[in-house]
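For reference, the structure discussed in these notes is given below.
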Amino acid sequence: MTQRFTDEFAEAVLGVVESIPAGSVMSYGDIAAAIGSRAPRAVGAVMATGGSDAPWWRVVRADGRPAQGLEAEALRRLRAEGAPLSPSGERVAMRLARHRP
DNA sequence: ACGGTGACTAACC
DNA sequence: CGGTTAGCCACCG
């Protein structure tokens, strides 16, 4: 571990992210709601800061599109996991892939 | 204390 | 379907 997360928020976010099973995904909003927050943007900030060690590719936007700037990489990994993708292949089929705890 | 900012979202047109 | 707009909350200088 390279970083220690003293912030409860960041700790909670990463905990949820690591609980997402392969082949499934959660939106930033889903994660925020899962920890009783309404700050999907803050979730994104945590991921941008210390999400490198977590399965960040399983965290996508509400419309099923992966994080801005990492779309190609994320989609590659998601496909490898067998996550259901849209016919176009550029976004995740949220209806099928969404993980609900 | 304050305002700007962001790996966001939902509502509208 | 797609482009815009306003709303939200946590973090940082």
Side-chain angles (χ1 to χ4, degrees):
Chain A
M1 34 265 260
T2 53
Q3 294 287 312
R4 182 71 57 213
F5 295 96
T6 53
D7 297 22
E8 252 180 70
F9 187 81
E11 188 182 322
V13 168
L14 294 176
V16 174
V17 172
E18 292 184 31
S19 76
I20 306 174
S24 298
V25 301
M26 281 181 85
S27 73
Y28 296 88
D30 290 344
I31 294 169
I35 65 178
S37 175
R38 285 204 214 331
R41 305 192 65 151
V43 172
V46 172
M47 294 303 292
T49 302
S52 43
D53 288 308
W56 53 266
W57 57 92
R58 294 178 193 152
V59 184
V60 302
R61 297 182 68 169
D63 62 358
R65 265 186 63 195
Q68 181 77 48
L70 298 170
E71 307 174 22
E73 181 71 19
L75 282 161
R76 188 170 66 86
R77 289 177 180 262
L78 287 167
R79 189 177 300 226
E81 292 183 350
L85 303 180
S86 288
S88 53
E90 55 183 23
R91 59 181 194 130
V92 179
M94 292 305 284
R95 181 112 91 183
L96 302 171
R98 173 178 289 194
H99 171 60
R100 33 190 181 254

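Chain letters run A, B, ... following the sequence lines, proteins first and then strands; every chain starts at 1. Bear in mind that the values here come from a model prediction, so they are computed numbers and not experimental data.
For Asp7(A), whose side chain is taken as the heavy atoms from C-beta onward, the closest listed nucleotide among dT9(B), dC9(C), dC11(C) is dC11(C). Closest to the Pro40(A) side chain, of the nucleotides dA7(B), dA10(C), dC8(B), is dC8(B). Between dA7(B), dA10(C), dC11(C), one nucleotide has an atom nearer to the side chain of Ala42(A) than all others, and that is dA10(C).
Note: CD1 (Ile35(A)) to P (dC8(B)) measures 15 Å, nearest angstrom. One can place CE of Met26(A) at 16 Å from C1' of dA7(B), the figure rounded to the nearest angstrom. One can place CE of Met94(A) at 8 Å from P of dT9(B), the figure rounded to the nearest angstrom. The distance between atom CZ of Arg65(A) and atom P of dA10(B), rounded to the nearest whole Å, is 16 Å. Summarising the geometry, the separation between CD1 on Ile31(A) and C1' on dT9(B) is reported as 14 Å, rounded to the nearest angstrom. The nearest whole Å value for the distance from the CE atom in Met47(A) to the C1' atom in dA7(B) is 8 Å. One atom, CD of Gln68(A), and another, P of dT5(B), lie 18 Å apart when rounded to the nearest Å. Taking atom CD of residue Glu8(A) and atom P of nucleotide dC9(C), one finds them 18 Å apart after rounding to whole Å.
With rounding to the nearest 0.5 Å, the separation of CD in Glu71(A) from CD in Glu90(A) is 8.5 Å. Taking OG from Ser27(A) and CZ from Arg61(A), the interatomic distance works out to 11.0 Å, rounded to the nearest 0.5 Å.
Among the protein residues, Arg38(A) comes within range of the sugar-phosphate backbone only, with heavy atoms under 4.0 Å from sugar or phosphate atoms but none that close to a base. Ala62(A) comes within 4.0 angstrom of the backbone, heavy atoms only, and of no base. The residue Gly29(A) sits close only to the backbone: its heavy atoms come under 4.0 Å of sugar-phosphate atoms, none of a base.
Map Ser37(A) and Arg91(A) each onto its nearest nucleotide of DNA chain C; the residue landing nearer the 5' end is Arg91(A). Residue Arg41(A) is the one, among Ala45(A) and Arg41(A), whose nearest nucleotide of DNA chain C lies closer to the 5' end (criterion: closest heavy atom).
In this structure, Arg58(A) and Glu81(A) have side chains that are in contact, with non-hydrogen atoms separated by less than 4.5 Å. Residues Ile35(A) and Phe9(A) form a side-chain contact, since some pair of their non-hydrogen atoms from C-beta on lies under 4.5 Å apart. You'll find the side chain of Met26(A) stays beyond 4.5 Å of the side chain of Val60(A), heavy atoms only.
For dC1(C), there is no paired base (Watson-Crick or G-U wobble, both distances below 3.5 Å).
The shortest distance between the side-chain N/O atoms of Ser27(A) and the OP1/OP2 oxygens of dT9(B) is below 4.0 Å.
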